[in-house]
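Quick notes on the structure that follows.
Just so we're clear, the structure is a prediction, and the values are computed from it rather than from any experiment. First the proteins, then the strands, lettered A, B, ... as listed; each starts at 1.
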2 protein chains.
Amino acid sequence: MFAESRIAPSVTINQPVAGRQRAGQLWSSLADVCNLLQITPTAAATAASDVVFQHIQLKAGQRLFTIGQAFDVIYVVNSGFLKTVLIDDAGNEQVLSFPMKGDVLGVDGIHAHCYMSEAVALSSCDVIVIPFKVFSSLGRKYPELELSLYGVMSRELAREHAMASMLGSLSAEARVERFLVALSERYAAMGYSGKEFNLRMTRQEIGSYLGLTLETVSRTLSAFDRIGYIAVEGRSIILKDMATLKTLRRLPPSQSRSKEVAAVKKSINELSFANAEDRLTA
Amino acid sequence: MFAESRIAPSVTINQPVAGRQRAGQLWSSLADVCNLLQITPTAAATAASDVVFQHIQLKAGQRLFTIGQAFDVIYVVNSGFLKTVLIDDAGNEQVLSFPMKGDVLGVDGIHAHCYMSEAVALSSCDVIVIPFKVFSSLGRKYPELELSLYGVMSRELAREHAMASMLGSLSAEARVERFLVALSERYAAMGYSGKEFNLRMTRQEIGSYLGLTLETVSRTLSAFDRIGYIAVEGRSIILKDMATLKTLRRLPPSQSRSKEVAAVKKSINELSFANAEDRLTA
DNA sequence: CGAGTACTTGAAGTCCGTCAACCTTCGTGG
DNA sequence: CCACGAAGGTTGACGGACTTCAAGTACTCG
């Protein structure tokens, strides 16, 4: 079951490095990878132009690696969207991250020599395969490279810390709003519109990621829509009031920005007002 | 303020490596550090016996490093207990971890070249200072060493994932109970008793770490005590029913183990019963 | 076109946060 | 020596922000 869920049969992977530039960009140079990772492509990287890395194509729903699978390689996302999940004893999924272009996958497998999480494609994906041994030997030759993997892991750690902080102390509204802003910034950094975009994940997955139920996510999005912060229609999101959304970050956990039981228009005013208060107290 | 909160004035740090074995174990060899980190001390490590690392002593309350401080060195705890915290915009502390013997501190500073969290001693501590540059050059010479830093960071990442999962989906009871079990296992691994130990942190700090309030932590500990799982007296903890505690891991978030509105004795029975149910459903 | 999945919305209940009172311990200085 | 305050801890009452349960709609894909 695990084996068959893996795409890209090893036959394809183990093909000799013959025609390096195949149809559909099947191979990438070290310099390409450095660009993807936003590492300043040093002389070292360009020097090692003989090293190439294979790509893997995934379709939505396919798994890149599963929990417990032997750790060999790390992955860098070239295009597409994925999720990484933890499966607990009861079989429940816990979404850990939504990797996209430029993100590194699989580093949590280094320590135990097997992956500790599961990576699933949410859309068609193109992923670069980097054998860990190749990478670390390259790192030894070119210190900047090594430093940048440390950097990637360090950044990942900081991101997790921020996540823990959020899960520990923010309200549902604040979590959803931070999620939207973070997503927007990611899209913007990738050259897409930061104002209008499509969610690639379900409410369920968002909820799991944020430590909420899917109903709460849905309700919160609807509330933001009603207030006019955003426009939601299924998975299409339009951020209408980015400025306010961004300033709303880091709210204290439970504020009484409820009272929205009354008339709709009235609740809108109260909500805006309550949020303004939050901004002051923060 | 940042500067003065640091202990061990630079005068001490920059002393030439003259009398390497000072009073009070002020210096450690690479092999010592490897032992501490549970790395099989390879030939390489013993070979580089000329490399020594300085220690720093902290008293309870002192800070090892603060947020924003320039990143130079990583630390390995030799003895004592600390906490690492994040400070958000509102000035609230969020506890991220409780490092103890063998744990590595400061790796979150690699990426941004400044520490992203703050480390505070909870007791008298002895910490080994490892200049990051020294470490990475050693890593280049001895690949196993390099691999083990990757391993440390990878493990840290996995730990954070587990943490996120817990914060996202477990009830207060389950969190406290997992916290106790984890602490117990840490103590046992260090050679202390895993059954009886003293908490080194306040209820407040535990709560922050677990995403709960100090009142909830206190109430939950009291409840466990009343049921007979543990014995609590201030910061002294005795685990009386380890087996049950361990099997209680990973409960679904909100189970109806309430109904404890009624008489005390009755509520106790119901509570135990409800927990038994949980074990079955999990 | 039916089945399955994703999403929305409502109603009810509860877990846990907030507020508050009280106790103990500990260190300081009158 | 005891008064005093500060800090940590316990416990109770109350309410609200979520979760849970449930029903209904829209959509995709054989």
At under 4.0 Å between heavy atoms, what does [X] touch on the DNA or RNA strands: base, sugar-phosphate, or nothing?
X	result
A:Leu214	base
B:Gly207	nothing
A:Arg219	base
A:Thr216	base

In terms of side-chain heavy atoms of [X], which of [options] is nearest?
X	options	result
A:Arg235	C:dC7, C:dT8, D:dT20	C:dC7
A:Thr213	D:dT20, D:dT11, C:dT9	D:dT20
B:Arg203	D:dC21, C:dT18, D:dT10	D:dT10
A:Ser222	C:dC16, C:dC7, C:dT8	C:dT8
A:Ala172	D:dG9, D:dT19, D:dC18	D:dC18
B:Thr202	C:dA20, D:dT20, D:dG9	D:dG9

What integer distance in Å separates [X]:[atom1] from [N]:[atom2]?
X	N	atom1	atom2	answer
B:Leu167	C:dG17	CG	P	12 Å
B:Glu233	C:dT25	CD	P	10 Å
B:Glu215	D:dC14	CD	C1'	13 Å
B:Asp225	D:dT11	CG	P	9 Å
B:Leu221	D:dT11	CG	C1'	14 Å
A:Glu93	C:dT5	CD	P	14 Å
B:Leu212	D:dT10	CG	C1'	16 Å
B:Leu199	D:dG8	CG	P	14 Å

On a heavy-atom basis, the closest approach of B:Phe224 and B:Leu180 is CD1-CD1, 4.4 Å
A:Lys83 atom NZ, over 12 foreign heavy atoms within 6.0 Å:
yes
A:Ser117/A:Thr84 under side chain to side chain donor-acceptor pair (under 3.5 Å): CA gap, chis, key distance, verdict:
CA-CA 6 Å; A:Ser117 57; A:Thr84 63; 5.2 Å; no
Would you confirm whether the ring centroid of B:Phe98 sits within less than 6.0 angstrom of the ring centroid of B:Tyr209?
yes
Does a distance-only test, which skips hydrogens and angles, find a donor-acceptor pair under 3.5 Å between the side chain of B:Glu173 and the base of C:dC15?
no
Residue from B:Val104, B:Val127, B:Leu105, B:Leu64 passing side chain to side chain contact (heavy atoms under 4.5 Å, CB included) with B:Pro99:
B:Leu105
